[in-house]
Amino acid sequence: MGNALGTSDRPLRVAIVGSGPSGFYAAESLLTAAIKVKVDMFDRLPTPFGLVRYGVAPDHPKIKNVVKVYEKIAAHESFSFFGNVSVGQDISVGDLKKFYDAVIFACGAGTDKPLGVPGEHLPGSHTATEFVAWYNGHPDYRDRKFDLSGKVAVVIGQGNVSMDVSRILCKSVDELRNTDIAKHALKALAESKIKEVHLIGRRGPVQAAFTPPEIKEFVELKECDPILDPQYLNINPESQAELADPNSTIRARNWEILKEIAACSPANNPKRFVIHFLKSPVVLLGEKKLEKVVLEKNELTGPAGKQTARGTGIKEELACGILFRSVGYRGVPIPGVPFHEQKGIIANLDGRVVDNEKVVPGLYAVGWIKRGPSGVIGTNKADSAATVERLLADVPNLEACQHPDTQAVSDFFKTKKVRVVSFNDWQKIDAAEIERGKALGKPREKFIRVEEMLGVLEEN
Ligand code: NAP
């Protein structure tokens with residue numbers, strides 16, 4: 001190896017920007033590589049685990065158990081956590097390159113795709129990102145206000161995020177009380193007057209992006225009736241072919257659950273979850289705030305497997321007090337890193353960052369910022385491993401960094417007066433949150449402000 005990177009004397013030094021699933025899986029692949037690697041992971045918040053902490057719904061605790069795997073990775077002697085450090089703000093990518101031979105961006109997709117219809121930004125129309133981050137206690141979203149005083153909420157999009165948003169609105173407070181939902185969100189939801197949640201999909205039941213466990217949960221809600229007009233189950237021949245495709249068991253399982261919902265007579269529960277297919281919002285209307293959404297009925301066009309929605313010109317109005325746009329996420333650019341605007345990801349070729357199709361040496365991407373917002377948490381394991389494989393193949397040609405020294409990194413932040421949060425520090429915050437939760441019968445009561453988190457460290 002020309003540059004001798006990856007030996008005990010000179011381990012390969014890699015910075016990972018972002019501490020969600022894709023970041024941890026990249027760390028795992030690096031730390032189990034045949035060469036010696038030192039991994040430093042950065043997160044702009046003092047807390048690790050990204051999407052697992054701030055994206056996964058509070059009533060899905062089993063999914064969050066995956067952090068036990070990440071804790072094991074973090075315990076590796078060659079792993080360090082640099083929390084409370086914003087790359088691009090506290091340290092530039094250029095400076096990062098002085099301390100690391102390679103940088104992997106694992107910073108996820110931090111914002112939503114726009115809907116692109118007039119009235120989208122009326123008060124009362126929100127992105128799913130805001131709502132999800134708010135009920136999960138993300139410090140940046142803690143102070144958001146959601147007016148839950150109306151009777152009707154509308155959710156646009158039919159992916160699993162829209163299912164999370166709808167379910168949180170449809171559940172009774174008793175069904176949420178013992179989760180790690182943020183206290184402010186539980187209080188607001190306890191006062192919610194919402195009785196109807198309308199889920200709007202632009203295509204048909206066979207094309208819905210949600211998965212069977214997520215739709216099944218609506219059949220099991222304690223105080224909410226799922227409603228589906230059986231007419232939606234009269235599908236065109238192309239959709240029938242998609243449904244019969246033996247490679248897509250998800251569609252067939254969704255179909256069975258949707259049939260069950262359509263056949264059910266409502267049990268007169270206080271809330272209703274109404275599923276609509278083949279409708280797109282065309283305009284959101286209201287004087288000072290959202291009052292109604294105009295929906296256009298669609299028909300499907302194109303061959304099986306590639307059907308798209310086409311407006312029919314037939315419109316209907318749905319009065320609503322609040323609306324959530326949940327039509328997919330997109331990444332946010334990092335200063336100094338080439339970005340593919342149209343796709344909303346870091347410009348990359350199989351994980352190697354590219355600028356005008358030319359590889360930028362030493363920069364890599366994993367997870368949603370590499371491929372876009374698709375797949376479940378586990379999808380990131382193979383995705384991150386694939387990028388790390390390319391990085392390891394590039395090692396002989398990497399330019400060794402100028403200051404291969406973690407102490408130099410710490411000194412850099414000391415000079416800049418950045419209070420770096422180590423993994424050990426995080427474990428103190430974690431323990432304090434768990435302790436706070438005990439009294440409330442919750443797995444934890446999250447700190448919702450960075451200052452509160454740092455305050456725990458001053459006390460200890
Ligand atoms: P998604 O699965 O891509 O779903 C996006 C939805 O928005 C689709 O129904 C899509 O319809 C619709 N849509 C897109 N553009 C639209 C437009 N202009 N007008 C109307 N509808 C539009 O995205 P997501 O729900 O944000 O989820 C992201 C990823 O996280 C997914 O892989 C998801 O499975 C995963 N996730 C998993 C869980 C879980 O496992 N419990 C929970 C949350 C998220 P078309 O199909 O017609 O494009």
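As the structure lists them, so they are numbered: ligands from 1, and atoms in each ligand from 1.
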If you round to the nearest 0.5 Å, how far is CD of Gln158 from CE of Met163?
7.5 Å
Closest heavy-atom pair, Asp383 versus Gly367, reported as atoms and distance to 0.1 Å, is OD1-N, 2.9 Å
Heavy-atom protein contact below 4.0 Å for atom 44 (C) of ligand 1
yes
Kindly identify the option in Lys279, Gln307, Gln158 whose heavy atom sits closest to atom 6 (C) of ligand 1.
Gln158
Of all the non-hydrogen atoms in the protein, which one sits nearest to atom 29 (C) of ligand 1, and at what distance?
Trp368 CZ2, 3.6 Å
Distance under 6.0 Å and angle within 45° of ring axis: Arg436 vs Phe447:
yes
Going by the rule side-chain contact (heavy atoms from CB on, under 4.5 Å), which residues pair with Ser374 if we only count those two or more places apart in sequence or in a different chain?
Arg371
With a 4.0 Å cut-off, would you call Arg330 and Glu341 a salt bridge?
yes
Which option wins on minimum heavy-atom distance to atom 41 (N) of ligand 1: Glu217, Glu214, Arg325?
Glu214
Taking only heavy atoms of Arg203, which atoms of ligand 1 are found under 4.0 Å from at least one of them?
45 (P), 46 (O), 47 (O)
Of all protein heavy atoms, the one nearest atom 23 (O) of ligand 1 is Gly328 CA, 4.1 Å
One pair to check against side chain to side chain donor-acceptor pair (under 3.5 Å): Glu214 and Thr211. What are the steps and the verdict?
CA-CA 6 Å; Glu214 279 64 33; Thr211 46; 2.5 Å; yes
Flag Arg202 as yes when one of its N or O atoms lies below 3.5 Å from any N or O atom of ligand 1, and as no otherwise.
yes
Under 3.5 Å, N or O to N or O, is Gly375 touching ligand 1 that way?
yes
Nearest-option assignment for atom 33 (C) of ligand 1, heavy atoms, candidates Thr308, Ile377, Asn160:
Asn160
Enter the distance from Ile104:CD1 to Lys370:NZ here, rounded to the nearest 0.5 Å.
10.0 Å
Please identify which atoms of ligand 1 are closer than 4.0 Å to at least one heavy atom of Asp164.
42 (C), 43 (C)
Protein contact to atom 12 (C) of ligand 1 [nearest heavy atom, distance to 0.1 Å]
Gly157 CA, 4.0 Å
Return the minimal non-hydrogen interatomic distance between Asp43 and Ser19, and the atom names on each side.
OD2-OG, 2.5 Å
If I apply the N/O under 3.5 Å rule, does Val161 come out as touching ligand 1?
yes
Atoms in ligand 1 flagged as close to Gly159, the criterion being non-hydrogen separation under 4.0 Å
2 (O), 4 (O), 6 (C), 9 (O), 25 (O)
Does Lys446 come within less than 4.0 Å of Glu452, counting only side-chain N to carboxylate O?
no
Measure the distances from the heavy atoms of Ser374 to every atom of ligand 1 and state whether one is below 4.0 angstrom.
yes
Inter-residue atom distance Arg310.CZ - Ser280.OG, 0.5 Å rounding:
13.0 Å
Is ligand 1 under 4.0 Å from a heavy atom in the side chain of Ser280, in the backbone, in both, or in neither?
neither
Determine whether any protein heavy atom is located less than 4.0 Å from atom 3 (O) of ligand 1.
no
Is Met163 touching ligand 1 with its side chain, its backbone, both, or neither, if touching means heavy atoms under 4.0 Å apart?
neither
Would Tyr141 and Tyr135 satisfy side chain to side chain donor-acceptor pair (under 3.5 Å), going step by step from the backbone distance to the final call?
CA-CA 9 Å; Tyr141 295 86; Tyr135 63 61; over 6 Å; no
So does Arg444 pair up with Glu435, basic N to acidic O under 4.0 Å?
no
May I ask you to identify the nearest protein heavy atom to atom 22 (C) of ligand 1, giving residue, atom name and distance to one decimal place in Å?
Val327 CG1, 3.3 Å
Please could you name the atoms of ligand 1 that Pro373 approaches to less than 4.0 Å, counting only its heavy atoms?
28 (C), 29 (C)
Looking only at distances, can you tell me whether any N or O atom of Gln207, backbone or side chain, sits closer than 3.5 Å to an N or O atom of ligand 1?
no
